[in-house]
Amino acid sequence: MEQVGTFSMIASVSHPANSPRTQPHPPPYLARLNPEQREAVETLDGPLLVLAGAGTGKTRVLTARFAHILLTGRAAPSQVLAVTFTNKAAREMRERVAAMLGRPVEGLWLGTFHALGARMLRRHADRAGLSSNFTILDADDQLRLLKQVMEAERVDAKRWPPPALMALIQRWKDRGLPPARVPESEEPEFAGGRTRSVYAAYQARLGTLNAADFGDLLLLPTELLRTDADVLAQYHRQFRYILVDEYQDTNLVQYLWLRLLAQGHRNLCCVGDDDQSIYSWRGAEIENILRFEKDFPGAKVIRLERNYRSTAPILAAAAALIAHNEGRLGKTLRPGAETAVGGAAGGEKIQVVALWDSDEEARMVGDRAEALRRDGESLAEMAVLVRAGFQTRAVEERLITIGLPYRVVGGLRFYERAEIRDALAYARVLAQPADDLAFERIVNLPRRGVGETALRAMHDRARAEHIPLSEAAARLVAAGALRGKAREGIAGLLAGFGRWRGQLEAEGHVIAMATMLDESGYTTMWQQDTAPDAPGRLENLKEFLRALAEFESLAGFLDHVALVMENETNADGERISLMTLHAAKGLEFDTVFLPGWEEGLFPNQRSLDEGGIKSLEEERRLAYVGLTRARRRVVVSHAANRRLYSGWQSAIPSRFLDELPEDEIERTGSAALGRAARHTGPVAFPLQVRGRVQEAWEQAPRPPQRASLTVGSRVFHEKFGYGTVTSVESDRLDVTFETSGPKRVLDRFVVAA
DNA sequence: TGACGTCACTTTTTT
DNA sequence: AGTGACGTCA
């Protein structure tokens with residue numbers, strides 16, 4: 001995009017008129033908007049909700065609005081608060097705003113909820129009982145800390161799984177509840193009714209460690225704004241305009257934080273799409289967006305419904321699907337004036353492919369992707385979007401076999417690998433000797449003969465004298481309280497940290513870090529490791545140092561790591577993308593494959609068990625997100641049998657398939673033709689049975705004496721072989737198979753033996 | 001302290 | 001099937 005203005009424009013634009021609409025020649029960033037978009041950009045005063053459907057130009061509106069605020073002189077960059085959900089979105093907005101203004105913008109409060117929360121918390125750390133260089137703990141550290149606290153509080157970790165308690169605490173934090181505010185009535189039947197005291201102890205422990213967990217980054221600032229009128233007033237003065245992206249994904253504490261900040265000027269603009277709310281499991285409350293007009297009286301609501309991304313059949317299918325949801329604000333996507341490809345009338349139908357098993361499904365995806373590439377389509381414009389991460393594996397294997405380049409997005413993340421976390425722990429101890437969690441991780445890594453006994457001694461001493469672990473270790477060494485290897489090992493490590501800190505001062509963080517990894521023996525440990533992945537880990541460590549070198553200080557780097565847990569997107573070469581539906585939100589591709597549309601998997605059974613109808617609606621929104629990622633072509637598929645753990649599981653087609661409009665889809669597939677099709681080759685046959693795959697399924701070999709199947713019946717299943725029925729529940733049978741163990745199958749897939 | 005065997009569990013999604 | 005937690009043994 002060409003540069004549209006500079007700050008020299010500000011003067012000329014801001015003075016003469018408050019309403020830019022009255023100007024004869026609107027600036028280019030306004031001219032290219034449709035009327036609704038333009039209204040969303042120009043409605044600056046008061047609360048505003050922009051309901052932006054998929055592909056309706058949401059990002060364009062947000063950035064144009066941002067630029068508009070600055071260019072009309074309504075506010076300086078530092079007076080606008082812009083919140084996104086992901087780091088990627090924040091980066092994008094920053095770049096686009098800079099492009100519109102024609103230069104980089106300094107002093108912006110633009111970032112993710114967590115990054116901005118952290119920034120605020122560092123400013124006022126003392127008021128939250130922390131010092132400003134507090135450590136941000138990741139999920140792993142949180143859990144380890146909680147386990148320690150549970151032990152100290154004598155809560156049996158065997159009976160009460162720590163992850164469950166962690167989830168409980170996080171949920172409280174998501175709702176803006178510090179320990180003191182959790183009502184007694186919410187004490188669950190868990191941990192012997194002591195969850196709240198464990199929570200309190202956990203928070204206290206965080207305080208002594210000078211650490212905050214992810215939830216605290218929002219909880220503590222919100223608590224601060226709530227209780228400290230001075231701080232609140234300070235931010236009211238500062239933030240004249242507030243912009244929020246993906247509002248449908250906010251949780252309660254994020255809502256409270258925003259509401260407190262918005263009380264000042266009431267210029268709050270939230271952009272979101274209730275049909276794309278897919279994070280309730282993480283505490284997001286779709287009610288936030290549904291309630292907006294009540295929460296902010298006098299709010300204006302603008303709907304963006306013109307979709308410039310997808311073909312008409314895709315939009316029709318998505319609209320029909322999402323119409324099955326009850327709790328919606330209501331909004332229908334329709335093709336925009338100049339629909340990208342195919343025009344409003346044209347466009348390929350949605351393809352629904354029925355396969356025999358997940359292997360065949362993977363083959364279908366690979367073959368079709370390959371065929372499309374032969375026709376000249378770019379692999380970079382194709383994506384396979386799945387419900388659950390494990391589904392990518394089958395596809396990956398197939399893509400490797402046929403040699404089609406792919407990348408898994410959001411799979412294993414760089415900063416979660418063991419060697420990187422180890423290196424980070426070293427870095428943390430270097431930066432903050434009091435970081436007990438990090439110290440504990442590396443004190444015996446590589447092995448230094450520090451076992452349970454030595455560790456316990458350190459813990460005891462630390463607790464008794466209220467000092468960090470590393471300090472306790474030093475005193476134990478000095479007092480000669482440790483023996484043999486442990487003593488030497490710890491003494492050597494502590495001496496090392498002394499040197500490395502000196503080096504940090506003198507020669508900078510990169511040199512110090514590299515020396516530390518070498519001298520501590522950590523690098524050597526991997527060099528001597530004969531495991532096949534050891535060289536790769538060493539390579540990762542080098543990459544770690546490269547990443548470190550891009551930051552000015554160790555502290556800056558550590559913050560980045562905690563908050564920007566992204567995997568480096570090495571966008572080298574053309575690759576088809578594999579990712580979960582969640583990870584795909586906000587992206588778009590020409591061709592989208594949606595495998596695994598089966599009951600139990602999608603909609604996901606576990607999700608349904610937990611949340612009932614609400615969860616079903618969320619699953620449906622996930623399907624909606626999947627469909628609307630596609631510009632030109634969607635291939636949905638489902639398999640009758642899926643590899644699960646070590647064995648196979650049979651499944652029936654997803655109910656979502658029945659919710660797609662028959663006119664917009666084309667059903668093909670080999671599954672319904674049964675065994676014969678599998679032996680005649682990979683060709684996909686159109687079903688002849690009135691296009692209804694469901695009916696074709698029912699034509700599959702069916703036991704004539706179906707009704708006679710009872711507990712104890714001996715049956716035969718195509719995939720699992722012989723077995724005995726252990727229970728019958730309408731058309732579902734539990735069968736213990738002789739070779740593959742107990743399975744739940746549909747009666748139509750077995751015959752009496 | 002560390003090596004080895006057994007066992008249960010996994011697969012929903014992640015800032 | 002692959003993994004991690006846990007117990008037993010040298």
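To find a chain, count down the sequence lines: A is the first, B the second, and so on, and within it residues start at 1.
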Nearest-neighbour nucleotide for the A:Arg606 side chain, B:dT11, B:dT15, B:dT14 considered
B:dT11
Could you state the atom-to-atom distance from CD of A:Gln142 to P of B:dT14 in whole Å?
16 Å
Whole angstrom value for the distance that separates C1' of B:dT13 from CD of A:Gln276
15 Å
Rounding to a whole Å, what distance do you find between A:Asn251:CG and B:dT13:P?
20 Å
Separation of B:dT13 atom C1' from A:Met579 atom CE, nearest Å, is 14 Å
Can you check the A:Asp249 CG to B:dT13 C1' distance for me, whole Å?
12 Å
Rounded to the nearest angstrom, tell me the gap between atom NZ in A:Lys614 and atom P in B:dT13.
22 Å
A:Arg122 NZ/CZ over A:Phe134 ring centroid, <6.0 Å and within 45° of normal:
yes
Contact class for A:Leu622 vs. all strands (heavy atom < 4.0 Å): base, sugar-phosphate, or nothing?
nothing
Distance in angstrom units between A:Leu218 CG and B:dT15 P, rounded
14 Å
For A:Leu219 and B:dT15, what is the distance between atoms CG and P respectively, to the nearest whole Å?
20 Å
When you measure from the side chain of A:Trp281, which nucleotide among B:dT13, B:dT15, B:dT11 comes out closest?
B:dT13
Does either side chain, that of A:Gln148 or that of A:Glu440, offer a donor lying less than 3.5 Å from an acceptor on the other one?
yes
Hey, could you give me each pair passing salt bridge (charged side-chain N to carboxylate O under 4.0 Å, His left out) that has a residue in residues 247-258 of chain A? Not counting sequence neighbours.
A:Asp249-A:Lys585
Can a side-chain donor-acceptor contact be found between A:Tyr247 and A:Asn288 if the only test is distance below 3.5 angstrom?
no
Lys/Arg N to Asp/Glu carboxylate O, A:Arg642 vs A:Asp357, below 4.0 Å
no
Ignoring backbone atoms, establish whether A:Ser607 has a side-chain N or O less than 4.0 Å from OP1 or OP2 of B:dT13.
no
Does one side chain, of A:Glu361 or A:Ser637, offer a donor that lies under 3.5 Å from an acceptor on the other?
yes
Could you go over nucleotides 1-4 of chain B and give all protein N or O partners under 3.5 Å, atom names and distances?
{"residue": "B:dT1", "atom": "OP1", "partner": "A:Gly451", "partner atom": "N", "Å": "2.4"}
{"residue": "B:dT1", "atom": "OP2", "partner": "A:Glu452", "partner atom": "N", "Å": "3.0"}

May I ask you to check whether A:Tyr406 and A:Glu396 show a side-chain donor-acceptor distance below 3.5 Å?
yes
DNA chain B: A:Thr112 or A:Asn604, which has the more 5' nearest nucleotide?
A:Asn604
